[in-house]
Structure formats: C-alpha cells, structure tokens
Engineer: 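To start, I am sharing the structure in question, which I have written as structure tokens.
Residue numbers start from 1 in every chain, and the chains themselves are labelled A, B, ... in the order their sequence lines are given, proteins ahead of strands.
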Protein chains: 2
Amino acid sequence: MCRVDQPATTPSAPKGEQTRALILETALRLFQENGYDRTTMRAIAKDAGVSVGNAYYYFESKEHLVQGFYDRMVALHREAVAPLLASEPKFAARLDGVMQAWLEVSEPYHEFAAQFFKNAADPASPLSPFSDESSPARDAGIGLMRSVLLGSTAKVDPELREDLPELLWLYQMAVVLFWVHDKSEKAAKTGMLVRRSTPLIARLLQLSATRVFRPLTREGVQLFRDIGWFTSK
Amino acid sequence: MCRVDQPATTPSAPKGEQTRALILETALRLFQENGYDRTTMRAIAKDAGVSVGNAYYYFESKEHLVQGFYDRMVALHREAVAPLLASEPKFAARLDGVMQAWLEVSEPYHEFAAQFFKNAADPASPLSPFSDESSPARDAGIGLMRSVLLGSTAKVDPELREDLPELLWLYQMAVVLFWVHDKSEKAAKTGMLVRRSTPLIARLLQLSATRVFRPLTREGVQLFRDIGWFTSK
DNA sequence: ACCCCCATTTGAACGTGTTCAACTCTTGCC
DNA sequence: GGCAAGAGTTGAACACGTTCAAATGGGGGT
C-alpha cells in the first residue's frame, strides 16, 4: 500500500527484521526462564510461532542468539556506570564501581550466563571475547576502562598508561572467569575479590612509576606489546 | 587356555579392564588422527570392535575419555622435567624449564587440545581443572610447582611461600589459556611469553620481601586465602 | 550337571543442533 | 493485471551424544 521502502530509518521494520526481533526476544526470554541448555531451538521456534529453519535463516547457530543477550548486558552496564564515572575522581573507586556495577547487572543471569561463558575459552566460538565477532563488544569494554582511567586523578607511568585500558579489560575477563565459577550466595565471593583487589591494583599503579619498579614495568609492558594482542599470527 | 584369573596383579587384566583399555586406546588414537569433534562415539566403538553402549558402560561421556589423554600428558611432562628439577638451582630457570617442557610435550596435540581445553572454563565440565574430578591432576600440578620452588635457591616472603605453588599453578593455567588461543607457528608466541615472563615473576618474588612491598604482598596473600580456592561455597 | 546371579554387551531409540530442497509470499517492473 | 526474482518460510531428514531394556556369558554354589 503506502509502504515505500526506505533502505533505513523507517520505524516499521522491513518485515524480516520483525521476525528476527521476535525470534531473538523469544529466545532470550526462554533462556532466562529455563537456562541455555534446557532451551531447545524447537521450543524457541514454537514459542515464536515460526519454524525451526526460520530461526536458522536469521541466526547462524544457537550460540549466535546469545550475542543479543550479551549486547543487552553491555548496554545496561554502560548505563548503570555513567553517574559514577561522571562524579568520582579516585581511580580505585572508579574501577571498583565499574566492576561492582557489572556484578549487579549480571547477577540475575548468573546461572544462565555461566552456561555460555564457557565459550570464552573456546577460540573457535564466535562468543569468545577474543573472537573477531566480539571485537565491537571488546572495544567497548576497553573503551570503558579507558574512561575509568582518564577520568581519574591517578598518576601512572606514561608508558604503561597507554596499554592500561587493555590490561584492565583483561583483569575484568579474569574476574568474569572467577564469577562464572563462583557458587557463593549472590556471588559474594566475587564481590569481595573485586572490593579488595581494586585497591591493590591502584597501589601497584602508584608503584609502577617508582624508581625500583619502573624497569620491571617497562619490561612487562614491552612483553605485552610484543605478544601482540588478538592479532592472529 | 591356560588363563587363570588372579583378581589382581596379574598382567592379564580382569577381562573388563582389557575392554576399557581397548576403548581408551582407540579413542585417543582417533582423537589424535581426526580431532576431538570429528571423532564420533560410533566411530570409536566400531574401530574398537564393540558397541556404542559398551563404551558408555566404561566411560560416562565422551569428555571422560579425554581424561585419559590428559593423564598421559601429565605423565610425559613429569618425566621430561625430572632431570632439570634435579640439577638446576635457579628459580627462574626451573620455572621456565618446566613451562617450556609442557609446551614441547603438548605441541603435537595443540589442535586437538584446543578443542577440549575450552572445557576449562566450563564449571560444569568434569574436565575443568577446578572440578572435583580433576583434583588429582590439579594436586599433581601444584605439587610440581612446589618442587620447582623448594628445589630452588629463591628467597621469598615466608607468608607468600606457602601459597606460591598454587599461584604458580594458576600462572600455568593462564599460560595454557593463552596457548589455546595461540595460532602462531609452533606456538612460538607462547614460548616467548614464558621465556620473558618467568624472569619477571622471579624478580617480583625477590621484591615481595622488600619493605615497600611486604604490606602489599601480605594483603594479596590474605585475599587469596580468604577467597578460598576451589571450595564450593 | 544344573542354575542363578551379576558383570558385561548389545543396538534400537531418544532428543538435540543443524541442514536443505522445496514451497509461499512480496516486490518491482512491464 | 501479470510475471519473474528473490526474500522469507517450512518441516522432514541428518548426524551426533546419550540412554536403556533386553540379551549374553561365565563362575560359584548345590
């Protein structure tokens, strides 16, 4: 009828996008209700009122459906963290706040998340934080750590300063790995780990510029660079 | 004919053990030839001349078959490392030697190993190095690191000394995680990481007993203990 | 010799993620 | 309106890991 197809911008999505969104929403709801493993592709398709094959028309695999969930958590985290980053000047408090916010945002999905964060260690999985497919999310995470650093009053060896956001992001990945294994009530152990490790990191950063430490810092940074992060060869 | 069945000690194993060994050998051979994912349980059973169900009578799952492979690598590693541990007194050289030996032992299985080391991050997998099922292998690994430390002339803050083997084992796990993602020729990047990071660790240990550092060391060690390693709650 | 018990073995069947040839519907063009 | 082309959709079929009720077999007690 009156539908002209503007390639973009139109709120009435190009038909296919509606189906895609419907499938994604259904999948995320079922994942949350029943967990990742117990949610079958057939159940997702049935609940969304489409066929199994149709789900595969829009998403390469069951894992790819999870990317949408991951993106949502990143958005929630960024939102939750904005006020803190705008007001708090102390580095340790900023880092701690960002990490605690992540824990709070993720808490409701702990069980579900643990089921697919195992992909983190699988180099072949598109969900690995080191994969090409994850590079937008990875860059966003590193960017967040950069703003944690830049907005702070911390004094760091300038050589280290450049690579610090990536290193802090790695710290976050390590915490996530610990969190995945954390069976304590409301992940209290991970909370403690963050609360007590962030001041240690801050203190290490102070020391990094010290005369005794600088050579060690330099050598560590140089090694980190030579290894070449997520460069394939 | 002349086979009498001594319940134990006899080289002719108690019948069932023979089948078990046959299945395991076949599985490991096929894993090595075709990779983990491309080797089906049906193929293993067929090649071993038994039924699929029989394989499951002896091994809970496909993953459990891999434990045998893992045990074998641990044995090879321990063997390869013995002369060095008997002769070399310097801590950094001992640690480097142990890690390099691991890389050499594992190199032929890099591709295959990467396919199942993803389970490392899956808390639910019996193959996770943090799982109960892995505690023998874990204890062996930690014990190896203890002998790396004890046989050396390194001077470490006694408080740290006690927990250091576990921490070094964690270092090893981190290296393994890196190795799994390492696509460089013969894992050269991991080799470099080890060669250059072990001296840094040794230097950090020296510093750990320093007046400036000791408080930081103490706090770190205390945090490590409070977190309570692989204690479930 | 007989029989019973239980370790061992079987293979068909189940539920899963994934694929694919075929079908239907929409869209743009005459 | 009619028509070709391609986007969208279908569900049966495949390969896999896993389960299980049933068959087999051998060894010890009588």
Side-chain angles (χ1 to χ4, degrees), chain A residues 1-8 10 12-24 26-27 30-31 34-68 115-116 118-119 122 124-127, chain B residues 1-8 10 12-24 26-27 30-31 34-68 115-116 118-119 122 124-127:
Chain A
M1 315 263 158
C2 51
R3 280 195 59 252
V4 203
D5 67 329
Q6 322 285 34
T10 336
S12 69
K15 176 59 193 299
E17 286 310 310
Q18 272 176 265
T19 313
R20 182 193 190 85
L22 173 64
I23 292 170
L24 183 58
T26 308
L30 291 181
F31 285 160
N34 311 323
Y36 180 73
D37 288 337
R38 283 191 299 278
T39 303
T40 73
M41 290 300 284
R42 286 169 178 79
I44 294 170
K46 190 171 183 179
D47 248 54
V50 300
S51 69
V52 193
N54 203 6
Y56 279 92
Y57 181 76
Y58 290 103
F59 298 92
E60 273 185 46
S61 71
K62 192 181 176 187
E63 287 191 353
H64 277 80
L65 275 167
V66 169
Q67 195 85 43
Q115 286 182 317
F116 71 82
K118 63 181 174 189
N119 297 296
D122 182 2
S125 168
L127 284 172
Chain B
M1 299 269 164
C2 51
R3 279 195 59 250
V4 204
D5 66 331
Q6 321 287 33
T10 338
S12 68
K15 177 56 194 302
E17 287 309 311
Q18 274 176 264
T19 313
R20 182 193 189 85
L22 172 64
I23 292 169
L24 184 57
T26 309
L30 291 181
F31 285 160
N34 312 322
Y36 180 74
D37 289 335
R38 282 190 300 277
T39 303
T40 73
M41 290 301 283
R42 285 168 178 81
I44 294 170
K46 190 172 185 180
D47 248 53
V50 300
S51 67
V52 195
N54 203 7
Y56 279 93
Y57 181 76
Y58 290 103
F59 299 92
E60 274 184 44
S61 71
K62 192 181 175 186
E63 287 191 354
H64 277 80
L65 276 167
V66 169
Q67 196 86 44
Q115 286 183 316
F116 72 82
K118 64 181 174 188
N119 297 296
D122 183 1
S125 168
L127 284 173

Engineer: Rounded to whole angstroms, how far apart are CZ on A:R20 and P on D:dG8?
Structural biologist: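 Going from A:R20 (CZ) to D:dG8 (P), I get 11 Å.
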Engineer: It should be established whether B:Y56 places a side-chain nitrogen or oxygen under 4.0 Å from OP1 or OP2 of nucleotide D:dC20.
Structural biologist: no
Engineer: Whole angstroms only, please: what is the CG-P distance between B:D37 and D:dG17?
Structural biologist: 9 Å
Engineer: If you assign each of A:R42 and B:S51 to its closest nucleotide in DNA chain C, which residue comes earlier from the 5' end?
Structural biologist: B:S51
Engineer: Could you state the atom-to-atom distance from NZ of B:K62 to C1' of C:dT16 in whole Å?
Structural biologist: 14 Å
Engineer: With sugar-phosphate meaning primed atoms plus P, OP1 and OP2, does B:V50 contact a base, only sugar-phosphate, or nothing at under 4.0 Å between heavy atoms?
Structural biologist: sugar-phosphate
Engineer: Could you give me the CA-CA distance, side-chain angles and deciding distance for A:V50 and A:T26, then say whether side chain to side chain contact (heavy atoms under 4.5 Å, CB included) is met?
Structural biologist: CA-CA 11 Å; A:V50 300; A:T26 308; over 6 Å; no
Engineer: Quickly work out the B:Y58 OH to D:dG17 P distance and round it to whole Å.
Structural biologist: 21 Å
Engineer: List the steps and the verdict of side chain to side chain contact (heavy atoms under 4.5 Å, CB included) for B:F59 and B:M41.
Structural biologist: CA-CA 11 Å; B:F59 299 92; B:M41 290 301 283; over 6 Å; no
Engineer: Do B:Y56 and B:H64 come close enough that some side-chain heavy atom pair is under 4.5 Å?
Structural biologist: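 No. Closest side-chain heavy atoms not under 4.5 Å.
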Engineer: To the nearest Å, give me how far apart CE (B:M41) and C1' (C:dT16) are.
Structural biologist: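 Distance check: B:M41 CE to C:dT16 C1' gives 16 Å.
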Engineer: Do you know the tightest heavy-atom contact between B:T39 and B:L30?
Structural biologist: OG1-O, 3.2 Å
Engineer: So, does B:T19 get its side chain near the phosphate of C:dT9, meaning an N or O under 4.0 Å from OP1 or OP2?
Structural biologist: yes
Engineer: How many whole angstroms separate atom CD1 of A:I44 from atom P of C:dT16?
Structural biologist: 12 Å
Engineer: Find the distance B:K46:NZ to C:dT10:P and express it as a whole number of Å.
Structural biologist: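 Taking NZ of B:K46 and P of C:dT10, I get 14 Å after rounding.
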Engineer: So does A:Y57 get a side-chain nitrogen or oxygen closer than 4.0 Å to the phosphate oxygens (OP1/OP2) of D:dG8?
Structural biologist: yes
Engineer: Under 4.0 Å between a side-chain N/O of B:N54 and OP1 or OP2 of C:dT8, yes or no?
Structural biologist: no
Engineer: Give A:F59 one of three labels, base, sugar-phosphate or nothing, depending on what nucleic acid heavy atoms sit under 4.0 Å from its own.
Structural biologist: nothing
Engineer: Identify which nucleotide among C:dG17, D:dG17, D:dT18 has an atom closest to any side-chain atom of B:T40, counting heavy atoms from C-beta outward.
Structural biologist: D:dG17
Engineer: Whole angstroms only, please: what is the CG-P distance between B:L65 and D:dT18?
Structural biologist: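 Result: 9 Å.
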Engineer: For A:G49 and B:E63, take the nucleotide of DNA chain D holding the closest heavy atom to each; which residue's nucleotide lies nearer the 5' end?
Structural biologist: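 Its nearest nucleotide being more 5', the pick is A:G49.
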Engineer: So do the side chains of B:Y57 and B:T19 get within less than 4.5 Å of each other, counting heavy atoms only?
Structural biologist: no
